[in-house]
Every structure is written in C-alpha cells, then in structure tokens.
Amino acid sequence: EFSSSRLIWDNKMYEIYGVAKEHFFHSIDDFRKRVHPEDLPGADEAMKDIVYATEPLFAQFRIIRPDGEIRIIKGNVTCIRDAAKQPIRLIGINHDITDQQKIQSKIQDQNDRLKKIAWMQSHEIRKPVANIMGLLNLYDMSQTDLQHSQLIQYLKESAVELDALIKQIIERTRATD
C-alpha cells in the first residue's frame, strides 16, 4: 500500500522467499534485502517505473533466501489508481522460475552439443567419405598389384579415420543424455 509502504504477502510468497512470517517485517527494505545485489538496481528501477506505467510490469530478478539458496523470480505488478489516477496500491505476483530456467539451460546445452555433432557430420565425416569415393574412382582393374596395394592402404586409412569420427559422434550423443 502506498500510504504505509507496507507489503502484504500471501503464504506462497513466504514459501518462495523461504522466510517465516514472523521474520518478514512487511517493508520495502525487507523485500530489497532479499533481492540479489546484482539485480537490485533493476528491481529498484522497476518499482519506480510501475508508478508511471499504465500496463502491468514484468521483471525478472534473483533473490537470496535465508539459507543462501539463490532463486530466480519472475514478477508481475500492476499499479491500482484512484479516480484522480493517483497510485494507491501495487498488486503483484511472483513466480519462482528457477526450475524452468535450469531446464531451459540444460536444453540449450544439449542443443549446443547437437549443433557440434551436426557440424562434425557435415564437415569432418565428409572428408574421409570423399577420400574413399575418390580412391574408388581411381581404382582401375588394369593397374599393377603395387598400385592396387597403395589404393587399398589409402582406403583402409580413410575407413579408420571415418570409424574414429563415428565413435566420437556416438560419445557426444551419449553426453546429451
């Protein structure tokens, strides 16, 4: 409430912030001390902006719970105004999106690994395959045994190289699990 600067939390807010009701003093400063220091300037700016905003404001910030755990919060706040359009109250809701952020980060890491695998397939594996195909085109039944031996040796080397790359792909694929 604007007149008293008093914060009123429901049970879910206490749960999200990891604080007991008797340890929260319903002040802006009590809220601010729970915001991660790196995110405090942005949170302060959002609180100033909402007074002038005509639409709900969304902000993302981190909090530090009393046990030291850092959680990521997505906040949504609306300014309620009187008939003269003066702010009288802020109403907001906080969502703990920490788990979603962790999942999203894991998905991004997996996508990055898959991109590396795709690059490997399109570039590195193509080289020994092209070598094998080129050597096969050079193979001529009318050549001498020595020439055949050299071509066969080159084909074996390319096949070993291709096999090693395929094993790397398998290992990287397993790493995405």
Side-chain angles (χ1 to χ4, degrees), residues 1-126 164-177:
E1 301 210 5
F2 267 82
S3 59
S4 65
S5 295
R6 180 172 163 78
L7 299 178
I8 302 169
W9 280 10
D10 65 4
N11 291 335
K12 187 68 175 173
M13 288 290 285
Y14 294 111
E15 180 184 325
I16 289 172
Y17 283 75
V19 63
K21 290 180 184 181
E22 59 271 11
H23 294 122
F24 184 71
F25 304 108
H26 304 281
S27 70
I28 295 290
D29 285 336
D30 201 28
F31 163 77
R32 289 181 78 251
K33 76 179 185 181
R34 298 171 196 294
V35 175
H36 193 287
E38 292 174 6
D39 296 348
L40 190 55
D44 285 342
E45 190 67 29
M47 293 301 287
K48 290 177 190 172
D49 290 348
I50 192 58
V51 175
Y52 303 104
T54 57
E55 299 289 325
L57 185 121
F58 298 88
Q60 185 172 309
F61 55 95
R62 293 169 291 171
I63 61 167
I64 303 173
R65 295 170 55 141
D67 63 3
E69 182 182 13
I70 295 174
R71 303 298 291 178
I72 303 168
I73 305 300
K74 183 174 185 178
N76 173 355
V77 64
T78 300
C79 185
I80 305 299
R81 301 175 187 282
D82 63 15
K85 306 256 185 221
Q86 295 301 307
I88 56 172
R89 178 179 294 158
L90 296 178
I91 296 178
I93 186 168
N94 284 193
H95 298 280
D96 184 342
I97 61 168
T98 307
D99 294 336
Q100 290 104 331
Q101 291 289 326
K102 288 178 183 178
I103 291 168
Q104 187 174 354
S105 178
K106 183 178 179 180
I107 290 170
Q108 184 61 48
D109 289 345
Q110 288 175 339
N111 284 342
D112 291 344
R113 281 195 290 263
L114 291 173
K115 286 178 185 176
K116 288 178 185 176
I117 291 169
W119 185 90
M120 180 186 284
Q121 285 185 339
S122 66
H123 294 87
E124 294 180 30
I125 289 182
R126 188 68 195 117
L165 288 171
I166 291 170
K167 287 178 183 175
Q168 285 180 4
I169 289 172
I170 292 168
E171 287 174 24
R172 287 189 183 177
T173 302
R174 286 184 186 143
T176 62
D177 294 337

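Here, residue 1 is the first one in the sequence, and each next residue gets the next number.
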Exercise. Which atoms form the tightest heavy-atom contact between L7 and S27, and what is the distance?
Worked result: CD1-O, 3.3 Å
For this session: Find the distance between CD (E45) and CD1 (I50) and round it off to the nearest 0.5 Å.
Result: 12.5 Å
Exercise. Does N94 use its side chain to pair, donor to acceptor, with the backbone of I73 at less than 3.5 Å?
Worked result: no
Exercise. Could you state the interatomic distance from CD1 (I93) to NZ (K12), rounded to the nearest 0.5 Å?
Worked result: 9.5 Å
For this session: Report yes if some heavy atom in the side chain of R6 is under 4.5 Å from a heavy atom in the side chain of I28; otherwise report no.
Result: no
For this session: Evaluate the side-chain proximity of I16 to R71: yes if any heavy-atom separation is below 4.5 Å, no if none is.
Result: no
For this session: Indicate yes or no: at least one non-hydrogen side-chain atom of V77 is less than 4.5 angstrom from one of I91.
Result: no
Exercise. Excluding sequence neighbours, so at least two apart, what forms side-chain hydrogen bond (donor to acceptor under 3.5 Å, both in side chains) with R81?
Worked result: none
Problem set entry | Note, V19 side chain near M13 side chain (heavy atom, < 4.5 Å) | no
Exercise. When rounded to the nearest 0.5 angstrom, what is the spacing between NZ in K21 and CG in D10?
Worked result: 9.0 Å
Exercise. Backbone N or O of I8 within a donor-acceptor pair of the H26 side chain at under 3.5 Å?
Worked result: no
Exercise. Nearest 0.5 Å, what's the OG-CD distance between S105 and Q100?
Worked result: 13.5 Å
Exercise. Looking at side-chain heavy atoms only, is the closest gap between K106 and Q110 below 4.5 Å?
Worked result: yes
Exercise. Does the distance from a Lys or Arg side-chain N to an Asp or Glu carboxylate O, for D30 and R34, drop under 4.0 Å?
Worked result: yes
For this session: Can you measure from CD1 (I88) to CD1 (I80) and round to the nearest 0.5 angstrom?
Result: 7.0 Å
Pair up each side-chain donor or acceptor in residues 55-63 with any protein partner under 3.5 Å, not counting sequence neighbours, and list the distances.
unit_1: R62; atom_1: NE; unit_2: D39; atom_2: OD2; d: 2.8
unit_1: R62; atom_1: NH2; unit_2: E38; atom_2: OE1; d: 3.0
unit_1: R62; atom_1: NH2; unit_2: D39; atom_2: OD1; d: 3.0

For this session: Answer yes or no: is there a side-chain heavy-atom contact under 4.5 Å between Y17 and W9?
Result: yes
For this session: Might you point out which heavy atoms bring V35 and A43 nearest each other, and give the distance in Å?
Result: CG1-CB, 4.2 Å
Problem set entry | Under 3.5 Å: donor-acceptor pair, side chain of D112, backbone of K115 | no
Exercise. Could you give the distance from CG (D99) to CD1 (I103), rounded to the nearest 0.5 Å?
Worked result: 6.5 Å
